[in-house]
Structures are given as structure tokens and as C-alpha cells.
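In the text below, chain A, chain B and the rest are named by the order of the sequence lines, each starting its count at 1.
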Amino acid sequence: MSRYNARTAEPKWQQAWDEARAFAAEADPEKPKYYVLEMFPYPSGKLHMGHVRNYTMGDVVARYKRATGHAVLHPMGWDAFGLPAENAAMERGVHPGDWTYDNIDAMRSQFSKLGFSLDWSREFATCDPDYYGQQQALFLDMLDAGLITRKKSVVNWDPVDMTVLANEQVEDGKGWRSGAPVERKELTQWFFKISDMADELLEALDGLDDWPEKVRLMQANWIGRSRGLQFAFDFASGLDGFETLEVYTTRPDTLMGASFAAISPDHPLAKALEAQREDIREFNEECRRTGTSEEEIETAEKRGIDTGLTVTHPLDPDWELPVWIANFILMDYGTGAIFGCPAHDQRDLDFARKYDLPVKDVFLPAEGGEPVANEAFVPPKTEPVRYVNGLGQVETMTGEDAVAKAISQCEAQGVGQGVTKYRLRDWGLSRQRYWGCPIPVVHCDACGVVPEKKENLPVELPKDVTFDRPGNALDWHPTWRDVACPNCGGAAKRETDTMDTFVDSSWYFARFTAPRAETPTDMDAAQYWMNVDQYIGGVEHAILHLLYSRFFARAMVKTGHLPESASEPFDALFTQGMVTHETYATTGPDGRARWHEPGEVIREGDTARLEDGTPVEVGPVIKMSKSKRNTVDPLEIIDQYGADTARWFVMSDSPPERDVEWTAAGADAAWKHLQRVWRMVAELEDTPPAVDVADGADAIALRRVLHRTIADVTASIEGFAFNKGVAKLYELTNAIGKAKGGADVSRARRDALTMLARLMQPMTPHLAEEMWAALGGEGLVLDQPWPVADETYLVDDTVLMPIQINGKKRSEITVAKDADKATVEAAALADPAVVKALDGGSPRKLIVVPGRIVNVVV
RNA sequence: GCCCGCGUGGCGGAAUUGGUAGACGCAGCGGAUUCAAAAUCCGCCGCCGCGAGGCUUGCCGGUUCGAGUCCGGCCGCGGGUACCA
């Protein structure tokens, strides 16, 4: 008996597809177009299970859409700039470019083994000068259009390595390489003015009907529109040069509960005070000795220092409030200064208790409220609360109304004005690193900051750089910076900052529509292929990448690089769960954690060790990542069982949106199943049975299962429920295996297997081709149209209805599908279990849901 | 800290979206085949109980004829937190 040999079959069919140029996207006016895109990978050099899962999903959709008659665009490229290449350069002395392109080659060959229906003719890497040159052109156009600005912001500074650190490179407030405590340092940097579009980006979320609700929510919260009051405190005891203290609050209704004002350690006033008071200078410096990440700042212990200055309460000139500096006030949000109302804000309350500041109630819960003790009372927005200590009145209203009323009252009294603010900050794009897209500007002593001329693009990265010291290799290059000023022609210096890699990934989807165009995009191609009909990627990109891409599409519309209709570039979004795995760590001689790959670790019960016996600490199950090294190489499965097994395996069991913990068991089961399917085909008689007998009951039963499966698998693919589709295909296979009988049944079996090949094609394309060929199909199964279920096999004339007594299932009855309520009731009341329960009486209530359930309440 | 998810047998999960909880698969158990094994095929398989029956969707409470599904409150885990991508 022949076995299915994936090792020979898979390359054979891949070659056949190649020769047919089956996956080259071609605009076709006869067909609807479909653009399916998976978030492109960072070329780490190693394919991992997350990739296989992500790209298999996209491939199933692409192949399915191809079968349903669409002109499909399914491209692939590489998100190729980024930190790991520079780390490799420092650790191993390889050039980041060489390292990256080697990785791309390695990953491309790994990808090709999986048989994805990708249009490789459109491939590019973001580190190709052709791509980043076009990106520089976009930058210049956006600069020209006023979408980019230059301002100061803070970075993590490693004072020993004299370099800027990414948040990921800060561990417990220390530089990961030097171990030195990091400091916040202010630099002048380039920014996309995304906050100017905050409102637009927020409002447009409502139109994204085919995006997950959770992603829209996260983005809305991230943009964080709020309506509040901005007002100025007058100083009762101030500092020269500071007339007033500008404050923004979303809770002006609690103004009468104010007990202090607080400013950020980065606030100009806080800095000015450093010259006068040594303790304030020390406090501020201490605060600056933490990283710049919000998480770090917000979870740090709340600390403050009294400046000795005071301000007067805006509604009561005789009321003075102390001004504190507090480490939890962010300079980036609002005005960098707040007033504290301990009674109605937990953080303010903790602060007040710690430093012995007064707590004054404004609100109490609607009935019988107690004054605040150690838990702040935050009034609900939409439910009424008792407003006990407001502007003179005692009344009941909702928190929302109280805010609105407070704003209008304050405005009427000339205290500040109602303003709308956003949490969203401008997108800082400058990076002090070599391996990124150079920012195409020149610094000239005479002319200032001058944009490079477009004809001089791309501004290419120099190849001859060294990585023997930390920091930006462009800064150490002997000549690269020297350039003639595009404006005056005099000697000038290039900007050495490069762009955030999020810029690279914010428009690649547009570039795929015309990857070799001489301009960033080709309007005709963009017009035809945009938008992305289905975008697929990890949830971890729910905010940043997707928000930046939305901004970029709008910016490209404004600069004439995309049609208006592409303002929202992704029509439908699917966020897949992550592939997770335990983490393994040992402690290095320097006392810091060393991460180990699962392959290096021997697991024994609850403990683990390395091959040499070193005990390993087993960490939490988290997303597979390069930095934690908890990745699993899928190549073993592919080499052992073939691509179809790997593809079938990742589509089975786990719902695509959910995280899945990788375990080795199970791949074997997938392989066995595919072999079983193949065996059924191989064991069929060589020639189709020539029968003219009508289908008997068994054949009809099999056809019912078949058509039910067609309908279910179609719905599963459309609904991104591949695991359910796989389960249905198992059921069909079981039914084919069990079907026994005469010529009619064997004819039905052959039909079912032929259909099975077409249904499995998106998931296991190589096996499907092999089955199709063995069953005598013409051409490629790839080119077969998607099967359509025959409705006549989908309807049943009877239905099995459960009978509940007091909500618990006690029996079942079979009734005609179109039985009316009275018939069902009669049948239910005649059921022995019901008769027994009623014991001669009549039911208190009888609920019949037609076709569903009967509930007898006794 | 804040924002967003998730939690169902030994395991991955299903449940027509408020209507039979546990489809399908893995593991396990029993049998057939085999000199034996692999492979394959057939059957059993939530928990407690000999049984009748009872219990069961992280925990506590609520709404409902009926709750895995809706509401309120907890607990645990994960993602994001603006320089990882």
C-alpha cells in the first residue's frame, strides 16, 4: 500500500505552482480583487511557530479567496531594520546589513518549504535603499506639508556607555550592558504630528466594523480624548519669573476638595527651584534616575517634596494650597501640573496620607455615604451621587453632569476654560542608531536645518562602519556626515539620527501594490489594490503599529501618495493570539539572567536543567520572543512530517484569536490523520464504479455529511474559525471511513473524497494536489472553484428536542421539523419522564421554543 | 499603576450567541489483527456513586422557565504601556 511521501510530493507541487506562476498577483477587470496581508516578519533568521500560525492563516484565506474567483494579492517582505542587527554586530562583529540579508535568505528558504501562495515577485526588505529612499521622499513631502515637527523630548541615557537606550534595554533602571543607572536626558528630535489627527483617528474607529471591538477600544483609550478645565493658579508665595501655575483637570467638579497642587519633576518651575534648594535638586535628580517608560513611572513608589510655594484656590482667594513636586506627574500629559483631590482620587489620597495633607469630601454616594477614609470615592460617571460640598449647593447629579456644570460655572466666574485634550502624544521618530532609515536632512551653520533634495535620495547608509563602541555608528564615521548644504552649498553636516522602525512598517502595505515604482506609490496600482481587505497579525500590535499605520495612510493621502479612499488602509483586521512558551533562565556570573531556548533545556517534572546539569529556573508562559529565547523551531516538524502536517497542526484545535501554548505532542496526530486521508484515496478502486443505481440510504447519509461539511468549512474559513473547520473535516473523514455498502456508496465515497481534496486545499495544499491527481482530477486542485453545498442535503425533516423539567434535561422527543407548538406540547406532555414528574397534575408553565427545547415548570 | 483580553474534563478545545455542556482531536483504558512489535481497525472515556441519582464551565452573588453565555463584585494568567518588533 502506498504511503503519502511529503518529502517528494511537496517540492513537486511547489514547482508545479511556480511554473504556472499561480500566485503572481494580476489586476483583472473580470474579477473582484482581494488583498490579504499578514504582518511582515522581522528577519530574525529563524522561523518560529508564531510565523507558521500567522502565515498559514493568511494562506488559507488567500487560497480560499482564489478559489472563490478573486484576483488575489498576497505579498511578503521583511521588516528588516532594528536593534537585533546592531546587537549582532556588537556581539559577533558582523555588519548589520550582512547579518540581516543572510537572515532574510535563510527565512525565505524556510518559508518556501511551507508552500504559501505568496507573490514573491513583490518581495522587498525595508532596509533596501530603494525602499527607504522612497520613505525619505515621503518624509520630505510630509515635512513640507507640515505633518512633521522638531521638539525636545526625553530618552533613556546610559551615562557609562554614553548612549541612548531603548526601554527594553533598561533592566531595573540599569543599562543592560553597562549596568549603570539610567538617566533621563532631553534631546531635540523629529516628531510626526499625529496628535493633530487625534480626533480624526478616534472618530474613524467607529467605521471599522470588521475590526475586533477590543482593538478599537484599546485605540480609543490610547487616544484618550477628555473634556476638562484648564485654569491658572495664582501664586500666594511664588518664584520670580513664574506668574501663574497652569493646570489641566478632567475633574473640575472636585475643585472644592483640592488640598494641594503638584508638578512634574520635569516642570520648568521644578527645574528653576533646583538652583535654590539642594534638596529639590536631589529629589528631581532622583526622579530622573528612572527610565522613561510610563509603566516604570506609574508603578514607582509615589514620592513628593514640598516646594514651600503656595497658590490660592481659584474659587476662594483666602484659601491657600501648597505646591509639591511629585514623581508620578507626567510632563507629557496636560500641563505637567495638577491639583490633588485626595477624597476622590486614590493616587492623590495615598499621597495625602503619606505626607499628611488634608482630605476634603465633595461627593458622597447617593444614600448614607460615609466620608472618605482610606479608599477614595470616585463618583460614577452616569449614576447620581450627592454633591455635598460644591459651589454652595447641595444636590444630586451624575459625575458627568457635575463635570459639565463645574466647567460652565468656572467659565462664568472667569476661572479657566473648558478644553478638550488627548492622551495621545506626537510620534517621536528620531533614533540615535545606525541600522535604520537615515532622516534626510542636513544641518547647516548658515541655513539651519535643511531638507535634503529629492534628487539626492536615497541618503544611503555607509557600509564602512564599526561597532566597537556603543552608540550610533553614523556618529563615528569619518566622512559620512560631511555634505554640502542643499540650500547654500556650504559645508554642512548630515543628520545622523535614523527613523523609528515603526515608520518602515507604517506604509509597506501600500508599497506592495507597486513595489518597483519610482515614486513611493503608483496611484493606479494603489487605486486598484488598496485597501487591504484582510489584515492579519498579532494582538501585541493592537495599538502602536496599527495606529501609526492609520496615521500614515492619512498623511499619504494628504501628500498625494494614496487615494482618499485609502485613509483607513485595513478594511478588516484579525488579531491572532500569540504562540507562547515557558521561559528558562539561569543566572550568569554577573548576577543577571541568561535565557535559554527550549531545545537546550531538559525538563524533569517541575524542575529543569541544562545538559551539563546546571539547574534552570522555569519562568512564566509568555509570548515567544527573541529576547527571552523561548521560541520553538518548526523546521523539525517540517523536516520530519512535511509542511502540510505543520500547517494542519497549527490550524487545528486552538481558536486563532487565542494564545496557544506550544507543546510537541500533537504534530504526530496531524500526520497520522493526513496519512489516513491519503490511504482512503489510495485504496479506492482504480476506476470509478460505473453504476446507474440510485443512491440508497447509506449513500444519501454520506452525501448529507459531505454537504453539511462544505457549508460548515466555508463558514469556518469566512469566520476565522479554522479549528472548527478542521474538526468538521475530521468528521467528514470519519464518515467516509465508516461508509460501507454497494456501488452507490462507493460512488458517494469517491465523490466525497474528491470534494475533500478541494476542501482541504487551502490548509494542506500539497496533499490536496496529490489526492486530486490520484482521483483523476484535471489540472491543479488549486484552480478548482470552491465547492458549494447542495441545499437539498442540508435539510432534515425531523428534529430531536430535549425536554427539560424545571430547567434540567430529563428526556428527548423526536418531532417533525415543521411541527406546530400544540403538537410539540402534546408530545412533551405524553413523555414518560414528564408524566412521572407531573404526577397527575398540570404544569405551572410550559415553554416551547420551536426546533430548540421544551421546558416544563412543575 | 493604567488600558484591553482570557479562565470549560488529565490536555487542546466545541456549544447554532440565553436553550441537550464536553463536538472534534490528544492522552488513557479494553479488544481485534500479529510469532511479536510497529502500523491499522473496533469500543469505552467529565467527577462522585454498585445503583437510583447527585455534582460540574476560576470564586461569590444576582437576573431568568432556563446562564459557560447577561449583570455586579473578587481571584488568577496574559498583552500593551509610546525607543522590542
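- Here the separation of U8(B) from G1(B), taken at their P atoms, is 24 Å to the nearest Å.
- Comparing U16(B) with U63(B), their P atoms are spaced 25 Å from each other, to the whole Å.
- In G9(B) the base sits syn relative to the sugar, since the glycosidic angle is no further than 90° from 0.
- When heavy atoms are screened at a 4.0 angstrom cut-off, Asn806(A) is found touching no nucleic acid atom at all.
- The residue among Glu298(A) and Tyr548(A) whose nearest nucleotide of RNA chain B is located toward the 5' end is Glu298(A).
- The residue Pro41(A) sits apart from the nucleic acid: no heavy atom pair falls under 4.0 Å.
- Looking at Asn167(A) and Ser293(A), their side chains never bring a donor and an acceptor atom within 3.5 Å of each other.
- Here G1(B) presents its P atom at 15 Å from CD of Glu296(A), a figure rounded to the nearest Å.
- A 6.0 Å sphere centred on NZ of Lys46(A) holds no more than 12 heavy atoms belonging to other residues, nucleotides or ligands.
- At a cut-off of 3.5 angstrom, the base of C84(B) holds no donor-acceptor pair with the side chain of Gln169(A).
- When heavy atoms are screened at a 4.0 angstrom cut-off, Arg658(A) is found touching the sugar-phosphate backbone but no base atom.
- Side-chain nitrogen and oxygen atoms of Arg676(A) include at least one within less than 4.0 Å of the OP1 or OP2 phosphate oxygen of C41(B).
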